[in-house]
Amino acid sequence: MSLTLTNEQEQLKQVARSFAREHLRPLLAAASQETDPLQRALLLRPVMEKAVRAGFLKSLIPAPFGGMASSGVDAAIFIEELASESPDFMISMAGPLIALAPVYEVGTPERITRFVAPFLADKGAPLAAMAYSEPGGSANFDAEAPAEGVRTRAVLDGDEWVINGSKAWASHLGGWDGDGPDLMTIACRTDKGVSLIVAERGHLRGHIDVDEYYDLPGLRGCLTTRVTLRDLRVPQGNLLGTEGDGVRLTRNAFQASGASIGTFSVAAMRQAFGIALRFAQAEKRGGLLPIIEHQAVADILADAKGKLEAVRLLSWSALDAVISGRPGASELALHAKIFGSETGLDVINDLIKAVGVTAYDTNFPMLRHLMDVLAYPIIEGGDVGVRRRQLQAMMSDPAYDPLAASELS
């Protein structure tokens with residue numbers, strides 16, 4: 001085991017960084033001037049097309065299914081570089097990480113080939129969405145009556161599923177044009193429990209209504225909507241696995257995205273730390289010396305850097321475990337999500353204190369990273385409502401081995 005980047009990883013880092021600085025930095029500036037959430041998100045499309053031509057989307061598809069993702073560390077390096085300039089863009093492009101995960105796990109070879117094909121293209125801006133969350137909340141999506149649980153319903157009519165219900169929060173539920181993404185994996189209730197059914201763009205067109213475009217305080221370029229599915233007809237064979245297996249498949253699908261939130265937090269901390277460090281090295285704030293010479297400020301910076309590095313290594317390990325299928329993947333992904341997101345929020349808040357009131361100026365670049373990182377404890381399965389409960393259930397099992405995740409049993 002080595003923690004030194006290989007030549008290939010170094011090249012990946014440089015390619016991703018160059019793309020991010022050339023294309024995502026000006027995209028962020030343009031998006032900051034647009035007040036309409038739909039128009040703001042549509043600014044991402046031409047840049048997404050460039051990313052697809054560069055092969056970036058393929059890098060999110062595992063190699064066994066035709067893509068180029070072979071290492072979780074590679075994925076973390078790639079995500080960090082793009083998310084450092086525009087987490088909005090990275091989240092929008094990363095839909096296949098979640099939506100296709102159940103396809104890889106239980107899909108037949110024919111379904112895998114068909115569902116993955118749009119995301120192996122060398123042109124366009126294909127989108128995937130995991131339609132999991134609902135307007136009334138989804139922390140208890142697996143709850144049975146008399147609780148509501150998942151409200152979206154799929155009823156078998158001949159050889160087709162007819163799906164009705166509302167979904168929210170996942171990026172690009174409505175697609176670029178309101179007719180839906182190229183692929184949507186839908187968590188819905190069938191006669192035998194919560195199930196996952198895949199709808200393709202041709203099925204969605206004419207049967208999806210965008211009810212609201214959310215105007216988010218952070219991650220402002222993400223096209224985030226609330227949609228209604230109306231009499232959506234999908235072939236019976238688009239059921240993933242078996243009826244009632246949706247809870248397990250959904251939780252597994254959110255492993256990769258949970259682990260990646262740790263890396264998104266690293267990207268935000270990295271940017272905020274750089275801003276605070278440069279400020280502390282240059283600003284005297286009326287005194288004789290730069291404020292980094294004051295112990296209190298130096299301590300904040302030192303603690304922030306240590307936490308940043310800790311979350312980076314945890315996230316590398318978690319993504320690598322998920323992509324390679326190591327036994328400790330579930331636990332490491334939960335820690336990366338919970339510890340990573342909450343540490344990111346704490347670190348940036350502390351860095352703001354080190355800068356002082358200047359950080360509260362919207363013209364100072366620190367607040368943008370705070371608004372982004374505020375989202376990380378509550379998206380991709382909220383830390384309180386979902387992720388900590390999963391960790392509690394894991395540790396409550398008498399068979400739980402605290403050394404297993406680190407492979408030290």
Side-chain angles (χ1 to χ4, degrees), residues 3 72-73 75-88 90-91 94 97 217-219 254-280 296-322 328-355 359 365-392 394-395 402 405-406:
L3 295 178
V73 175
I77 293 168
F78 174 75
I79 291 169
E80 181 179 334
E81 291 302 327
L82 268 63
S84 290
E85 296 295 342
S86 177
D88 324 36
M90 189 64 240
I91 288 174
L97 271 176
L219 305 176
F254 276 89
Q255 284 187 11
S257 70
S260 70
I261 288 296
T263 297
F264 276 96
S265 295
V266 168
M269 286 189 282
R270 162 179 153 176
Q271 294 291 68
F273 179 82
I275 294 165
L277 177 64
R278 291 188 294 273
F279 185 91
V297 173
D299 283 349
I300 289 175
L301 291 168
D303 289 348
K305 189 58 164 55
K307 292 173 182 176
L308 188 165
E309 296 293 351
V311 175
R312 179 182 281 123
L313 290 178
L314 172 60
S315 301
W316 281 14
S317 180
L319 271 170
D320 191 63
V322 170
S330 296
E331 180 176 348
L332 288 173
L334 287 170
H335 289 308
K337 170 65 168 74
I338 298 167
F339 181 75
S341 64
E342 295 178 9
T343 299
L345 185 55
D346 289 343
V347 162
I348 295 180
N349 194 44
D350 285 343
L351 291 171
I352 286 173
K353 297 173 189 174
V355 170
M366 185 80 80
L367 280 184
R368 175 175 72 83
H369 302 295
L370 176 64
M371 299 313 292
D372 289 341
V373 83
L374 274 171
Y376 299 150
I378 55 177
I379 64 173
E380 304 301 330
D383 289 359
V384 173
V386 178
R387 299 301 191 162
R388 288 185 179 276
R389 290 167 61 187
Q390 291 175 345
L391 202 54
Q392 176 192 20
M394 184 181 295
M395 293 188 295
S406 300

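Judged by distance alone, the side chain of Gln271 and the main-chain N or O of Ser84 form a donor-acceptor pair under 3.5 Å. Using modelled atom types, one side-chain atom of Lys337 and one backbone atom of Gly381 make a donor-acceptor pair closer than 3.5 Å. Side chain of Ser265 to main chain of Gly340: a donor-acceptor pair is present (N/O by atom type, distance under 3.5 Å, no hydrogens or angles). With Arg389 contributing its side chain and Gly385 its backbone, the two residues share a donor-acceptor pair below 3.5 Å. The closest donor-acceptor contact from the side chain of Ser317 to the backbone of Leu314 lies at 3.5 Å or more, if one exists at all. Looking at Asp372, its side chain does come within 3.5 Å of a backbone N or O of Leu219 through a donor-acceptor pair.
Side-chain contact between Val347 and Leu308 is absent, with no heavy-atom pair separated by less than 4.5 Å. With contacts defined as side-chain heavy-atom distances shorter than 4.5 Å, the pair Asp346/Asn349 does not qualify. Side-chain contact check for Val311 versus Thr263: every heavy-atom pair is 4.5 Å or farther apart. Looking at Arg278 and Ile275, their side chains come closer than 4.5 Å, going by heavy atoms from C-beta outward. Asp303 is not listed as a side-chain neighbour of Asp350, based on a closest heavy-atom distance of 4.5 Å or more.
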Could you please spell out the steps behind the salt bridge (Lys or Arg N to Asp or Glu O under 4.0 Å) verdict for Glu342 and Arg387?
CA-CA 12 Å; Glu342 295 178 9; Arg387 299 301 191 162; over 6 Å; no
